[in-house]
J.: 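First, the structure itself, so that you have it in front of you.
Naming convention: chains lettered A, B, ... in sequence-line order (proteins, then strands); numbering from 1 in each chain. In what follows, every heavy atom counts, from backbone to side chain, and hydrogens, waters and symmetry copies are set aside.
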2 protein chains.
Amino acid sequence: MIKCDRCQLRRMSGFRSMSADEAKLIGDFKSGEMRCEPGMNLISEGTFSPHLYTVLEGWGFRYKSLEDGRRQILNYLVPGDLIGLQGALLQEMDHSVEALTPMRLCVFERSRFLTIFEKSADLAFDVTWIASREERILDGHMLSLGQRTALERAAYLIVFLYYRGLRSGLLVPTNAQIPLSQNLIADTLGLSLVHTNKTLKRLAQRKLIVWRGRACEVLDPEGLCALAEWEPPPAGPRPLI
Amino acid sequence: MIKCDRCQLRRMSGFRSMSADEAKLIGDFKSGEMRCEPGMNLISEGTFSPHLYTVLEGWGFRYKSLEDGRRQILNYLVPGDLIGLQGALLQEMDHSVEALTPMRLCVFERSRFLTIFEKSADLAFDVTWIASREERILDGHMLSLGQRTALERAAYLIVFLYYRGLRSGLLVPTNAQIPLSQNLIADTLGLSLVHTNKTLKRLAQRKLIVWRGRACEVLDPEGLCALAEWEPPPAGPRPLI
DNA sequence: CGCCTGCTTGAACGCTATCAAAAAACGTGG
DNA sequence: CCACGTTTTTTGATAGCGTTCAAGCAGGCG
């Protein structure tokens, strides 16, 4: 497991190196750390959050809801992700964020956000890079929601999370268990719970995955990729703010 | 119609004001202008584009495809939008961009992109603001694709574009015709062409819209909003890069 | 032990896709 | 202005994927 220290995280997960000045800047920007237990809401749609967060440890997810309760999970959060960037920078959030496993977060003051931009072009660029990558991911999810069949969609989601977990240090190839309930998968894929269950079973019959109560184990990443017509993005260095 | 001059555009569409220094910086960054006719591909998935663009005039759209031809339209482009930010900043594009109407674009050198960040924190912030707003929009689209019914989805898309057009100066309330084919709508909503046609007809029967060959006229924006359980975002000033 | 949450299963219904074809609109050249 | 090919929109019929309804089962926890 990752030791939840910024430097360690940086080394283990392929983050880009950072100068002493930059590290100090971030230190000033940082206002603390916090933990968050599964099921806990970090951010609620419609509220204003004076904080930004960086995920240091654990899984989380972002979602939006309609008034009658229908819920769409937008994306999952892993170490290195910024929370609070997605909704317009200085307005109220238009999505909610919840922890999937115990999380550890680095807390920033949103009001001091502009300082980062004034003091370090590189860090500002990193922030934009992260936002840009999130967009790329959302593009992929939209393609899935709009065009793929239920089976393809499920395969896509699971390999996507598999590689996301590997790259962020949350999973290791020898023991790749993604912490999920089928209810969450249903709300991510835009399918009913019943049909999600039957779809996952079909993936299991093909020996692509195994379901283990509240977790999904990946058996054949390549097979899932082929089924979904998808490839994981190249694993380059990435910034950590 | 908008005169396609940056200052004019700025005044007409509620863009934030910009200092002389910033204007000069953008002038240096800019490498030219171009026009683009309907159906023309500005960017193709999988290629590397040495340019970034700002839309000055006209409608466009971004899309991704699966290998067997299924296509998902991700978002529409209007004046003020940046093109090329979405795919990771310095990698090959993972989506395509096409013009919907004749477009006029401002062309930037991607290689000089970092300069903006070094020279002006405010402009860097603007870029991030734009990326962040795009994410918010994509979140809304995902909610739609995953959770709304066909009728709600169509209503959402149309009011969404209606307000987008108004805010960017492409439409005026007295004559709000959104330039679209039903084929594009189908690929945006993740529905078949046939069913899209029948769904639009239902919206027309409810007197919410009227279809006029290759364009959709909005009759009742509030009615569409109510059907989609959606509200347009507040119309604040926005940056133009 | 009993309750609660999460997973599983079967059957019936219905929304949306697919197939097939025609009508309408559009652009172009004569 | 008309004829023609092409694209776009429209319509009806049939099939199927995914939803909904309704239970039942399994496992964790107080």
J.: Return yes if a side-chain donor-acceptor contact under 3.5 Å exists between Gln72(A) and Asp187(A), otherwise no.
T.: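 No, no side-chain donor-acceptor pair sits under 3.5 Å.
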J.: Run the side chain to side chain donor-acceptor pair (under 3.5 Å) test against Glu217(A) and tell me which residues pass, sequence neighbours left out.
T.: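 Expected list: Gln177(A), Arg212(A).
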J.: Near DNA chain C, which residues from residues 189-207 of chain B have a heavy atom under 4.0 Å away?
T.: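 Those residues whose heavy atoms fall under 4.0 Å from DNA chain C, taken from residues 189-207 of chain B in numerical order, are Gly190(B), Leu191(B), Ser192(B), Val194(B), His195(B).
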J.: Using whole Å, report how far CZ of Arg153(A) lies from C1' of dT19(D).
T.: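 Those two atoms, CZ and C1', are 13 Å apart.
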J.: Rounded to the nearest Å, what distance is computed from the CZ atom of residue Arg70(A) to the C1' atom of nucleotide dT19(D)?
T.: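 Value for this atom pair: 13 Å.
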J.: Pick from Glu98(A), His51(A), Met34(A): which one makes a side-chain contact (heavy atoms from CB on, under 4.5 Å) with Leu42(A)?
T.: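 Among the candidates, only Met34(A) passes.
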J.: Would you please say whether a donor-acceptor pair under 3.5 Å links the side chains of Tyr76(B) and Thr188(B)?
T.: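 Yes, side-chain donor-acceptor contact under 3.5 Å.
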J.: Can the ring centroids of Phe160(A) and Tyr162(A) be said to lie less than 6.0 angstrom from one another?
T.: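 Ring centroids of Phe160(A) and Tyr162(A) are no less than 6.0 Å from each other.
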J.: In whole Å, what is the span from the CG atom of Leu184(B) to the P atom of dT7(D)?
T.: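 Whole-Å distance recorded here is 15 Å.
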J.: Is there a side-chain contact between Leu77(B) and Trp59(B), using heavy atoms and a 4.5 Å cut-off?
T.: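 The answer is no, as the side chains (C-beta and beyond) never meet within the 4.5 Å cut-off.
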J.: For Leu145(A) and dT16(C), what is the distance between atoms CG and P respectively, to the nearest whole Å?
T.: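 These atoms are roughly 15 Å apart.
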J.: How close or far is atom C1' of dT5(C) from atom CG of Asn183(A), stated in whole angstroms?
T.: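 It is 10 Å, rounded to the nearest whole Å.
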J.: What integer distance in Å separates Arg212(B):CZ from dC26(C):C1'?
T.: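 After rounding, the reported distance stands at 17 Å.
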J.: Nearest-Å distance, CG (Leu180(A)) to C1' (dT5(C))?
T.: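 Rounded to whole Å, this separation is 16 Å.
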J.: Do any side-chain nitrogens or oxygens of Gln182(A) fall under 4.0 Å of OP1 or OP2 in dT8(C)?
T.: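 Answer is yes, contact under 4.0 Å.
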J.: Please report the distance, rounded to the nearest Å, between CD in Glu152(A) and P in dC17(D).
T.: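 These atoms are roughly 12 Å apart.
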